[in-house]
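Each remark here refers to the structure printed beneath this line.
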Amino acid sequence: MIYRKSPAEQEKMRAAGRVIGQLLDELARRIVPGITTWDLDAFAHDFIVSKGAKPAFKGYTIPGLEPFPGTLCTSPNSGIVHGIPSKKVVLQEGDIIGIDVGAVLDGYYGDAARTYAVGEISPDAQKLLDVTSEALRLGMAAAKPGNRVGDISHVIGSYVKAQGYHVADDLTGHGIGRQLHEEPQIPNHGNPGRGPRLQSGMALAIEPMVNIGTNRVRENGWEFFTADGSLSAHFEHTIIVTDGEPRILTQA
Ligand code: MG
């Protein structure tokens with residue numbers, strides 16, 4: 001069921017989203033060569049708890065896997081999503097790193113992701129970040145009443161393809177609210193005019209995952225990588241559909 005959030009629910013989701021936006025801003029200062037993804041995860045855990053919220057991903061279960069151990073998903077370079085924070089992953093100058101984080105506050109969820117440059121990065125890597133973040137912006141702009149989910153999918157997928165890149169197979173955005181993952185699924189490619197119709201008050205997590213070399217993914221437990229080892233980027237916001245511009249919940 002896709003349900004419209006009441007104004008009171010929207011404010012609770014904004015409170016959860018603000019914590020995430022603030023955290024992602026704080027992480028920008030801490031993502032430097034030499035830091036481990038473990039260190040970033042420890043900072044994120046303490047930050048979320050200090051705001052009275054709880055990490056949403058830690059302990060998340062899917063059949064066949066151990067509960068997710070991190071507060072963050074940390075996915076460097078060819079990592080697409082769901083990377084597990086580790087003392088062994090030391091960020092290097094020139095890396096890119098996708099950070100995905102969810103939090104729950106007063107029973108409502110927020111979910112967002114950014115991909116960061118570690119020091120100076122190559123022009124190719126910078127272009128990937130720019131294209132992926134623009135794909136998110138375009139997808140959010142299509143999230144308006146009267147449009148359908150497929151309009152969001154189509155604008156993301158067609159823009160990414162036109163840039164010569166690939167959206168990762170089988171990984172989608174989603175509705176969000178009282179659960180981390182609610183209906184509808186929001187694929188990153190598809191046909192316009194298809195799927196559920198959007199209405200004001202719907203809360204959506206839109207999240208293009210874009211690879212340079214291939215749409216194909218390689219899975220290793222929780223972690224998803226590009227099948228060809230090429231770079232991947234991920235940007236995500238939780239938004240509310242309104243009669244005007246969508247309201248972005250996951251910013252400071
Ligand atoms: Mg998400």
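Along the sequence shown, residues carry numbers from 1. Just so you know, ligand 1 is whichever comes first in the structure, and atom 1 is the first atom listed for that ligand. No experiment lies behind these values; they were computed from the predicted model shown. The analysis underlying the following values was restricted to heavy atoms, covering all of them including side chains, and did not include hydrogens, waters or symmetry mates.
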- prompt: Does NZ or CZ of K127 fall inside the cone over Y165's six-membered ring, less than 6.0 Å from its centre and within 45° of the axis?
  reply: yes
field: Pairs satisfying salt bridge (Lys or Arg N to Asp or Glu O under 4.0 Å), at least one member in residues 26-35, at least two apart
entry: E26-R29, E26-R30
statement: Protein-derived N, O or S atoms lying less than 2.8 Å from the Mg ion (ligand 1), waters not counted, sum to 4
- request: May I ask you to check if R114 and F235 form a cation-pi contact, with NZ or CZ under 6.0 angstrom from the six-membered ring centre and within 45° of the axis?
  value: no
message: For T226 and R216, which I'm curious about, is there any donor-acceptor pair between the side chains at under 3.5 Å?
response: no
- request: To the nearest 0.5 Å, tell me how far L105 CG sits from I20 CD1.
  value: 9.5 Å
message: Is the positively charged end of K5 above the ring of Y3, judged by distance under 6.0 angstrom from the centroid and angle within 45° of the axis?
response: yes
